[in-house]
Amino acid sequence: MSANARQLEYQQSLLYRIRHSTAHVMAEAVLQLFPDAKIAIGPAIEDGFYYDFDLPRALTPEDLGAIEERMRVILRSGSDFNKKVITAAEAQDIFTSQPYKLELIDGLVQGSVDEHGNPLKEPPELSIYESDGFVDLCRGPHVENMRQINEQAFRLINVAGAYWRGDETRPMLQRIYGTAWNTREELDAYLWRMEEARRRDHRKLGKELDLFSINPEVGAGLVLWHPNGAMVRHLAEAYCKDEHIKNGYDLAYSPHIGRAGLWETSGHLVWYKENMYAPMQIDDEAYYAKPMNCPFHIQIYKNKTRSYRELPIRIAEWGTVYRYERSGVLHGLLRVRGFTQDDAHIFCRPDQMPEEIDRTLQFCLHILRHFGLGNFHAYLSTRNPDKFAGELPDWDMATQALRQALERAELPFDLDEGGAAFYGPKIDLKMIDALGREWQLSTIQFDFNLSERFGLEYTGDDGQPHRPFMVHRALLGSMERFMGVLIEHYAGAFPVWLAPTQAMVIPIADRHFDYAHLVAQQLREAGLRVDVDERDDRMQAKIRDAQNMKIPYMLVVGDMEAAAGQVALRLRSGENLGAISVEGFLARARKEIVELV
RNA sequence: GCCCUCAUAGCUCAGUAGGUAGAGCGCGCCCUUGGUAAGGGCGAGGUCAUGGGUUCAAAUCCCAUUGAGGGCUCCA
């Protein structure tokens with residue numbers, strides 16, 4: 001099922017109406033506590049609802065408790081939700097002291113915009129809902145009666161700022177988020193899930209497992225990879241690079257900075273400048289840190305004349321780019337200011353293009369699935385008729401190829417009509433993080449702009465110059481974001497092939513150190529990443545620490561093991577498998593590495 | 001960038017009328033040599049994010065800055 005279909009199903013559910021109605025009850029409670037409050041909008045959302053208010057003062061967490069209590073009192077009234085269709089004049093009369101409602105009415109009546117400010121095809125019918133004396137402009141639907149809302153099954157979560165109509169030039173309102181369910185048990189389960197999500201937050205795990213840090217002295221949004229995290233990243237990159245080479249890509253390296261002229265030609269200085277850092281002067285020339293790798297790869301392509309015989313050319317680079325992101329949007333590894341894309345640019349002939357797109361998407365899925373990622377949303381973004389570069393037939397061909405690739409891969413996708421960038425249509429794959437937020441990883445997008453600006457050509461079999469299709473693609477997206485998603489996906493317990501330390505040898509007493517090192521050395525020679533815990537601690541403490549570090553294998557060695565040339569194998573699941581020969585363990589580890597356990 | 005909240009030892013956090021700081025873990029040393037999730041003792045470690053201000057006195061109150069968290073906007 002696509003995200004759109006899921007959304008529709010949700011909107012028809014009882015739970016959706018419960019949440020929407022709970023938002024009304026919350027607004028009534030807020031108005032009782034703050035009679036001067038101006039109310040804006042309050043829809044049901046995933047897992048709950050929110051309502052935006054313009055209040056005389058900032059709300060505190062204590063206020064939320066008071067509002068919740070007031071809501072329970074209201075619910076006990078057992079009032080009905082009554083719908084009434086009204087005229088615009090009646091509506092304006094009812095909401096004279098509610099300026100935001102008046103603006104909504106105005107928008108709806110003009111037939112131009114809905115409550116979020118999005119355009120509407122025709123003016124809708126206006127309706128109000130009344131419950132317990134509280135009247136709100138609302139299209140519904142709601143539950144019939146407040147008794148359908150379980151007073152033990154909702155909770156106000158937090159308060160946050162939100163611009164009126166999402167417009168940063170309009171007033172900042174206070175948004176109260178809440179969650180509501182059918183039963184107390186469902187609410188508890190939800191709260192437990194949220195708790196669980198916080199436990200697998202990559203920022204928390206990054207610290208606990210000593211994977212990375214972001215240090216204010218270095219700068220916001222700039223990541224320091226510690227040895228553990230660097231190992232995981234290295235393994236992920238090494239795997240991907242090998243796969244790229246196997247799949248016909250050529251690797252490239254390009255510098256971190258380039259002359260202003262390059263970015264003028266590419267157009268970045270016109271339409272991407274606000275995301276680029278200030279230039280540095282070198283010998284009277286301005287140089288910019290690269291926000292993208294494309295111009296460099298294009299220069300590699302252009303370094304010599306290209307024949308139709310050598311296409312497609314696929315140039316791949318783990319290229320580190322720097323982009324200015326507004327301070328408020330930075331988020332752990334998922335939104336940073338300096339990051340490394342697994343970037344590649346494909347240059348191909350029109351006749352090769354559909355197969356090339358197909359192949360790229362298949363390759364992308366192959367890579368993602370190797371990392372155990374299958375839970376993502378696919379989007380196809382098509383041409384914005386008002387703003388696009390390139391030729392219409394090319395757009396149509398490209399869009400068709402993208403669509404067919406998705407269909408052949410049997411990937412459900414959402415169509416984002418007109419959502420493409422001006423330079424070309426694209427496929428995006430977005431992953432869900434632990435807290436349910438979507439982050440874009442993979443993208444496959446055409447670029448009709450750069451190929452034109454740089455005048456890309458190849459010589460056809462007719463001896464004439466032709467313009468190749470240029471496709472920009474990143475599969476993991478950026479290593480930083482990908483690692484963030486990966487950490488949360490595995491909750492830090494990386495599969496054996498990715499675990500920074502695969503096995504910890506745990507000597508029971510000092511006299512077993514020599515044997516422990518012998519075992520470790522044997523395993524290292526076989527290619528495993530192994531450490532020996534030589535600390536002056538009891539075995540139990542070492543097991544606990546290894547387990548907390550989510551190390552896949554714990555190899556306990558004492559007198560018996562040393563005598564028999566064995567190790568006592570314990571898994572991070574807590575399972576104790578007893579003594580096994582070193583060769584036996586090695587065979588098991590090798591098997592699990594291949595099986596991506 | 002905007003709204004709200006926050007910043008105390010390497011980490012997690014106490015510090016509740018303003019009177020110059022505590023715990024656990026971790027770290028160092030010592031004892032202990034223990035068979036599947038924390039053995040014991042002693043010790044070192046903090047200009048209470050930074051800079052101003054109020055006050056006899058500021059971790060505590062006020063302002064600014066930096067950084068972080070939750071959202072909003074943005075993410076061609």
Side-chain angles (χ1 to χ4, degrees), chain A residues 50 52 54-55 57-61 63 157-177 198 201 203-204 207-208 210 213-221 267-268 270-275 291-292 323-332 334-337 381 384 387-389 419-424 426 428 430 435 437-440 443 445 447 449 477-478 481 506-513 535-549 554-561 568-579:
Chain A
Y50 68 80
D52 287 346
D54 193 346
L55 297 169
R57 65 167 175 86
L59 291 171
T60 65
D63 290 322
I157 302 291
N158 68 334
V159 57
Y163 299 110
W164 166 235
R165 295 201 143 170
D167 183 340
E168 60 182 319
T169 65
R170 307 297 304 271
M172 176 70 73
L173 306 174
Q174 295 190 65
R175 173 172 297 177
I176 303 177
Y177 282 96
R198 276 188 282 278
D201 188 313
R203 293 166 298 184
K204 188 171 155 65
K207 201 178 282 182
E208 288 171 0
D210 199 11
S213 61
I214 297 174
N215 181 334
E217 283 194 52
V218 175
H268 285 90
V270 177
W271 41 261
Y272 206 71
K273 193 164 188 192
E274 59 283 12
N275 284 292
M292 296 187 192
R323 298 181 185 173
Y324 172 72
E325 300 283 359
R326 300 212 273 179
S327 59
V329 308
L330 299 174
H331 183 90
L334 297 177
R335 191 82 177 268
V336 293
R337 285 179 172 159
S381 302
N384 175 349
K387 195 182 170 210
F388 66 96
F422 74 91
Y423 51 85
K426 61 172 178 174
D428 291 326
K430 301 187 183 187
L435 299 174
R437 292 174 291 209
E438 272 196 2
W439 297 93
Q440 180 179 320
T443 186
Q445 58 189 113
D447 197 322
N449 180 52
S478 84
R481 177 174 290 182
I506 298 175
I508 290 178
D510 294 8
R511 64 177 179 281
H512 307 121
F513 280 9
R535 294 173 305 166
D536 180 19
D537 256 317
R538 301 182 64 200
M539 175 202 64
Q540 283 86 341
K542 295 179 184 182
I543 286 176
R544 181 171 196 272
D545 288 344
Q547 196 124 324
N548 285 336
M549 290 303 282
M554 282 152 266
L555 308 177
V556 178
V557 295
D559 291 332
M560 294 184 304
E561 288 76 16
L569 176 59
R570 183 193 165 102
L571 306 181
R572 59 187 158 185
S573 62
E575 213 176 336
N576 181 6
L577 299 176

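- Nucleic acid contact class of A/N158 (heavy atoms, under 4.0 Å, all strands): sugar-phosphate only.
- No donor-acceptor contact under 3.5 Å links the side chain of A/Y324 to the base of B/rG1.
- Nucleotides B/rG34 and B/rG10 have their P atoms positioned 36 Å apart, rounded to a whole Å.
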- Give the B/S/- string for nucleotides 23-29 of chain B, one per nucleotide from 5' to 3', where a protein heavy atom under 4.0 Å of the base yields B, of only the sugar-phosphate yields S, and otherwise -. -------

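- Nearest nucleotide to the A/D559 side chain, out of B/rU12, B/rG1, B/rG35: B/rG35.
- Comparing A/A509 and A/Q547 by the nucleotide of RNA chain B that holds the closest heavy atom to each, the one mapping nearer the 5' end is A/A509.
- For A/R326 against B/rU73, a side-chain N or O and a base N or O form a donor-acceptor pair under 3.5 Å.
- Ranking B/rG34, B/rG35, B/rG70 by closeness to the A/R511 side chain, first place goes to B/rG34.
- For A/Y177, a side-chain nitrogen or oxygen approaches OP1 or OP2 of B/rC72 to under 4.0 Å.
- If you check every strand for non-hydrogen atoms under 4.0 Å, A/E561 touches a base.
- Residue contacts shown for A/A420 are absent, as no nucleic acid heavy atom lies under 4.0 Å away.
- Nearest nucleotide to the A/A58 side chain, out of B/rU73, B/rA37, B/rC4: B/rC4.
- If you check every strand for non-hydrogen atoms under 4.0 Å, A/M554 touches nothing.
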For nucleotides 41-47 of chain B, which of its nitrogen or oxygen atoms have a protein nitrogen or oxygen under 3.5 Å away, and what is each distance?
none

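- As rounded to whole Å, 10 Å separates atom P of B/rA68 from atom CG of A/N215.
- With a cut-off of 3.5 Å on both Watson-Crick or G-U wobble distances, the partner of B/rU60 is given as none.
- If you check B/rC13 for Watson-Crick or wobble pairing at under 3.5 angstrom, you find it paired to B/rG22.
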- Given A/Y177 and A/Y50, is the ring-ring contact (aromatic ring centres under 6.0 Å, His included) satisfied, shown in steps? CA-CA 4 Å; A/Y177 282 96; A/Y50 68 80; 5.6 Å; yes

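- On a pure distance criterion of 3.5 Å, no polar donor-acceptor pair joins the side chain of A/D167 and the base of B/rC72.
- Interatomic distance, CD1 of A/I508 versus CG of A/D559, reported as 7.5 Å (0.5 Å rounding).
- The partner of B/rG28 is B/rC42, judged by Watson-Crick or G-U wobble contacts that both fall below 3.5 Å.
- Across all strands shown, A/N275 has no heavy atoms under 4.0 Å from either base or sugar-phosphate atoms.
- Remark: C1' of B/rC74 and CZ of A/R337 are 13 Å apart, rounded to the nearest angstrom.
- Contact check, A/R175 against B/rC3: no side-chain N or O comes under 4.0 Å of OP1 or OP2.
- Remark: A/R335 is not in phosphate contact with B/rC74, judged by side-chain N or O atoms under 4.0 Å from OP1 or OP2.
- Residue A/R57 comes nearest to A/Q174 through the heavy atom pair O-NE2, 2.8 Å, listed as atom of the first residue, atom of the second, then distance.
- A residue-by-residue look at A/M172 and A/D447 shows that A/M172 has its nearest nucleotide of RNA chain B further toward the 5' end.
- Within 4.0 Å of A/A160, counting heavy atoms only, lies at least one base atom of the nucleic acid.
- With rounding to whole Å, A/W439 atom CH2 is found 14 Å from B/rC74 atom P.
- B/rC2 is paired with B/rG71 under the Watson-Crick or G-U wobble criterion, all donor-acceptor distances under 3.5 Å.
- The base of B/rA37 is not paired with the side chain of A/R538 by any donor and acceptor separated by under 3.5 Å.
- Applying the Watson-Crick and G-U wobble criteria (two distances, each under 3.5 Å), B/rU36 pairs with nothing in any strand.
- In this entry the distance linking CZ of A/R544 with P of B/rG39 reads 9 Å, nearest Å.
- Rounded to an integer number of Å, the gap from A/L173 CG to B/rC3 P is 13 Å.
- Regarding contacts with the backbone of B/rU12, a side-chain N or O of A/K207 is found under 4.0 angstrom from either OP1 or OP2.
- With both ends at atom C1', the span from B/rU60 to B/rG18 equals 6 Å, rounded to whole Å.
- Nucleic acid contact class of A/M292 (heavy atoms, under 4.0 Å, all strands): base.
- Whole-Å rounding puts the A/E325 CD to B/rA68 C1' distance at 17 Å.
- No N or O donor and acceptor, one from the side chain of A/Q174 and one from the base of B/rG71, sit under 3.5 Å apart.
- For A/R203, whose side chain is taken as the heavy atoms from C-beta onward, the closest listed nucleotide among B/rG70, B/rG35, B/rC4 is B/rG70.
- Backbone-only engagement by A/G166 is indicated by non-hydrogen atom pairs under 4.0 Å involving sugar-phosphate atoms exclusively.
- B/rC6 and B/rA49: their P atoms are spaced 13 Å apart (whole Å).
- For the pair A/I506 CD1 and B/rA38 C1', the computed distance is 13 Å after rounding to whole Å.
- Computed from coordinates, the A/L334 CG to B/rG70 P distance equals 10 Å when rounded to whole Å.
- Taking side-chain N and O atoms only, A/H331 has no distance below 4.0 Å to OP1 or OP2 of B/rA68.
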- Item | Worked verdict on A/D167 versus A/R165 for salt bridge (Lys or Arg N to Asp or Glu O under 4.0 Å) | CA-CA 5 Å; A/D167 183 340; A/R165 295 201 143 170; over 6 Å; no

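- Spacing between B/rA14 and B/rU8 at atom P, rounded to whole Å, works out to 10 Å.
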